[in-house]
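Inspection log for the structure reproduced underneath, given as structure tokens.
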Amino acid sequence: MGYDYNMMLKDCDSLAKKFCFVDLFCIGESVMEKKIECIKIGNGDKKLFINGAHHGLEYLTSAFILKFLGDYAGAYNNKSEFFDYDVLKLYNKVTIYAVPMVNPDGVDIAVNGIDITNPYHRKLISMVGIHSFNKVWQANANGVDINHNYDAGWRVVKEYPSPTGYAGPYSESEPETKAVIELVKKENFDMLIAFHSQGGEIYYDFDGKMSKDSIRIANCMSDVSGYRATVAEGTAAYGGCKDWFIKEFGKAGFTVEIGHGKNPLPDDMLNIIYEENSKIILCAMEQM
Ligand SMILES: [Zn+2]
């Protein structure tokens, strides 16, 4: 099946319709002109930015974020607790901005493939070769890996557009990257959590520039989830969203690799990853 762009849109719309205190707005458009949606919930001075699906095969992160936001909003509405956290207190302390699907084209290519009538068909088919999209596609519709496209140690890893790992012709070349950067600069977030899959890990630093609170918060996230707090190495260590956030603002930024297995993670793994990652967000909010 796979949680594609239309399913995400539908969930965003019903969330905003169900709860009058949920705001839904668009932060930009993808290469194929899909609207990149953002959900805002909360009434606090502290601002937390969470995002998912920088990578096509990692759409379970989008499904998780929507489920989390729906249940968090429901708990606030019912004045009930949520995994033993005081939601009313968190709601009045922290405002959450969530972009559940940064790379909507990439997710749709990974989930649904690409129709022969689509103008990008030939170009994208030539990039995957003998492989199928639902095994390899992580990039956007230009074949750029958005999580290597940020201006944080940006470098050439591959020479040409590819299903994964091509950083683009230069940093911030892609509309999806620009949309995220513009939102972050405008809203001046206190903390960022970028959800990826998979590995059960929490990355908290970039180039030694993390905030003084980062290790404490990462350890707290690790305690509630069982994930391992660590520092990224190799190609995962630069050009990413949290790397840029830490480099640019010196604030607490995290990459959380949800679940274990092989991408794309199966849909029913949402049940397993739901509690551990909900607690990661809630404990981070408490620590802010
Ligand atoms: Zn990823």
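Remember, it's 1-based here, ligands and their atoms both numbered in the order they're listed. The analysis underlying the following values was restricted to heavy atoms, covering all of them including side chains, and did not include hydrogens, waters or symmetry mates.
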**Atom of His55 closest to the Zn ion (ligand 1), considering N, O or S atoms** = ND1
**Request:** Of all N, O or S atoms in Glu58, identify the one at the shortest distance from the Zn ion (ligand 1).
**Result:** OE1
**Request:** Using only N, O or S atoms, tell me which atom of His196 is closest to the Zn ion (ligand 1).
**Result:** ND1
**Request:** Report, as yes or no, whether the 6.0 Å neighbourhood of atom NZ on Lys18 holds more than 12 heavy atoms from other residues, nucleotides or ligands.
**Result:** no
**Prompt:** Any donor-acceptor pair under 3.5 Å linking the side chain of Asp145 with the backbone of Asn147?
**Reply:** yes
**Message:** Heavy-atom count check: over 12 atoms from other residues, nucleotides or ligands less than 6.0 Å from Asp84 CG?
**Reply:** no
**Prompt:** So, the side chain of Ser30 versus the backbone of Lys34: is there a donor-acceptor pair under 3.5 Å, distance only?
**Reply:** yes
